[in-house]
Amino acid sequence: MSFSVIVPACNEEGYLEKTLASIQTARAFASDQQIEVIVVDNGSTDRTRSIAAAAGARVLTEPMRNVGRARNTGAASAAGNWFVFIDADTLVPEDLFCKIAALLRDGRCLGGAAVVQHRSNRIAIRVYLQFWRVVGAMLGLAQGAAQFCSREAFAAAGGYDESLWMGEDADFYWRLKRFAKRNRAHVHLSRHLQVYPSSRRFDLWPVWRILLFTNPLFIVLFRRRRAAWKGWYDQLVR
């Protein structure tokens, strides 16, 4: 199998180095797989590009700050038969690619996602996020911190919706599932595959803001309005 790991990154100098180190560890662990790493610089003004280059990643540029657009830019230049999308502040386990490869050996599996574990310092917030994680799994949705799919399925599902400023990951996964179902295949949300994004927002934001911006109704209503998501695109949390 050949994998293209696509990492969208905007001003992630504080997190990207550790993320890429965890990806490289997983890459070495899966030495029988062909794995390329692509970092898509999404309008950074810090050392994101130089950190990515120093880690041996192929660096692309997407100046328009939109995470779906950045992921699509990476996919358009990827060489692998399978795409793995990893957020720039997310640590992955060393057996990431081995477990993905094991899932994909079932010829009917067209993709999937890892379970996202936020390790916030605030116990109440951890419980709250766990609640939404369970609800999302029941609804067949998956966050985008670590999603994967075949090149063909990505194209057939239409990639990430660039008109969305939030929730583009759940939207893509939903469309991927529908495509798989139409073709008598499936996607897999693996409980045995967990990744760990930064909990910076959940540690630093006031509770009211967390409750508002993680509310599915708010996301659905405002996901096409960039101005609603300044905390992701303009007022970056460090």
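The model shown is predicted, which means the values in this text are computed figures rather than measured ones.
- Not one N or O on the side chain of R69 forms a donor-acceptor pair closer than 3.5 Å with the backbone of E162.
- By the rule that hydrophobic residues join a cluster once side-chain heavy atoms approach within less than 4.5 Å of another member, Y173 and V115 end up as members of one cluster.
- Because its NZ or CZ atom is not both nearer than 6.0 Å to the ring centre of Y233 and within 45° of the ring axis, R65 does not count as a cation-pi partner of that residue.
- In this view, Q143 and V116, H118, D169 satisfy the side-chain contact (heavy atoms from CB on, under 4.5 Å) rule, not counting sequence neighbours.
- Note: F83 and F85 have perpendicular aromatic rings, judged against thresholds of 30 and 60 degrees for the angle between ring planes.
- Residues R126 and I123 have side chains in contact (heavy-atom distance under 4.5 Å, counting atoms from C-beta outward).
- No side-chain heavy atom of E168 sits less than 4.5 Å from a side-chain heavy atom of N66.
- Residues D89 and R200 are paired through a salt bridge, judged by an N-O separation under 4.0 Å between the basic side chain and the carboxylate.
- Between the side chain of Q33 and the backbone N or O of I35, no donor-acceptor pair lies under 3.5 Å.
- A donor-acceptor pair under 3.5 Å is absent between the side-chain atoms of R49 and the main chain of V40, judged by distance alone.
- Of all heavy-atom pairs between V39 and A9, the closest is CG1-CB, 4.1 Å.
- Side-chain atoms of D87 and V7, non-hydrogen and from C-beta on, never get closer than 4.5 Å to each other.
- In this structure a side-chain-to-backbone donor-acceptor pair under 3.5 Å is missing from E62 to T73.
- A donor-acceptor pair is defined here as one N or O able to donate and one able to accept, closer than 3.5 Å; such a pair exists between the side chain of K99 and the backbone of H192.
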**Request:** May I have the step-by-step check of side-chain contact (heavy atoms from CB on, under 4.5 Å) for R122 and I210, ending in yes or no?
**Result:** CA-CA 12 Å; R122 302 153 87 175; I210 295 171; 3.8 Å; yes

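- If you chain together hydrophobic residues whose side chains sit under 4.5 Å apart, I6 and F172 fall into the same group.
- Atom CZ of R225 sits in a sparse spot, with 12 or fewer heavy atoms from other residues, nucleotides or ligands closer than 6.0 Å.
- In this structure, OH in Y160 is found 8.5 Å from CG in L176, a value given to the nearest 0.5 Å.
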**Request:** In sequence, state the C-alpha distance, the side-chain angles, and the governing distance for F202 and L129, and then conclude on side-chain contact (heavy atoms from CB on, under 4.5 Å).
**Result:** CA-CA 10 Å; F202 304 121; L129 295 174; 3.8 Å; yes

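- When all heavy atoms of R119 and S199 are compared, the closest pair comes out as O-OG, 3.5 Å.
- One N or O on the side chain of Q147 and one on the backbone of A142 form a donor-acceptor pair closer than 3.5 Å.
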**Request:** Step by step, work out the side-chain contact (heavy atoms from CB on, under 4.5 Å) result for F3 and L104.
**Result:** CA-CA 12 Å; F3 293 99; L104 299 180; 4.0 Å; yes

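- Between S190 and L103 there is a side-chain heavy-atom pair separated by less than 4.5 Å.
- Heavy-atom minimum distance, I38 versus A78: CD1-CA, 3.8 Å.
- In this structure, Q117 and V195 have side chains that are not in contact, with every pair of non-hydrogen atoms separated by 4.5 Å or more.
- Using a 4.5 Å heavy-atom threshold, the side chains of N72 and F154 count as touching.
- Across all their heavy atoms, L20 and A55 have their closest contact at CD1-CB, 3.7 Å.
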**Message:** Let's go through D234 and R226 carefully: what are the C-alpha distance in whole Å and the side-chain angles of both, what is the deciding distance for side-chain contact (heavy atoms from CB on, under 4.5 Å) to 0.1 Å, and is it a yes or a no?
**Reply:** CA-CA 10 Å; D234 300 316; R226 187 186 190 283; 2.9 Å; yes

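- A continuous path of ILVMFWY side-chain contacts below 4.5 Å connects V67 to W174, so both sit in one hydrophobic cluster.
- Between the side chain of N81 and the backbone N or O of S150 there is no donor-acceptor pair closer than 3.5 Å.
- With rounding to the nearest 0.5 angstrom, the CG atom of L16 is 6.0 Å from the CD1 atom of I51.
- Between F218 and F213, the angle of the ring planes goes over 60°, which puts this pair in the perpendicular group of the 30/60° scheme.
- Cluster membership check: L164 does not share its hydrophobic cluster with L221, using side-chain heavy-atom separations under 4.5 Å among Ile, Leu, Val, Met, Phe, Trp and Tyr.
- For N42 (side chain) and P63 (main-chain N/O), no donor-acceptor pair under 3.5 Å exists by modelled atom type.
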**Item:** Chi angles and distances behind the salt bridge (Lys or Arg N to Asp or Glu O under 4.0 Å) call for R223, D161
**Value:** CA-CA 11 Å; R223 60 183 181 164; D161 187 342; over 6 Å; no

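- A donor-acceptor pair shorter than 3.5 Å can be found between the side chains of Y128 and T214.
- Grouping the Ile, Leu, Val, Met, Phe, Trp and Tyr side chains by contacts below 4.5 angstrom, directly or via other members, places L193 with V84.
- Evaluated for a side-chain contact (heavy atoms from CB on, under 4.5 Å) with L91, the options S22, S198, P197 yield exactly one hit, S22.
- Looking at D41, its side chain never comes within 3.5 Å of a backbone N or O of L60 through a donor-acceptor pair.
- For the pair A114 and L189, the tightest heavy-atom approach, listed with the atom from each and the gap, is O-CD1, 3.9 Å.
- Heavy atoms only, all atoms of each residue included: A228 and F222 are closest at CB-CB, 4.0 Å.
- Considering only heavy atoms from C-beta on, V92 stays 4.5 Å or farther from F97 through its side chain.
- S4 places no side-chain N or O within 3.5 Å of a backbone atom of E36 that could act as its donor or acceptor partner.
- A heavy-atom distance below 4.5 Å is not found between the side chains of N215 and I219.
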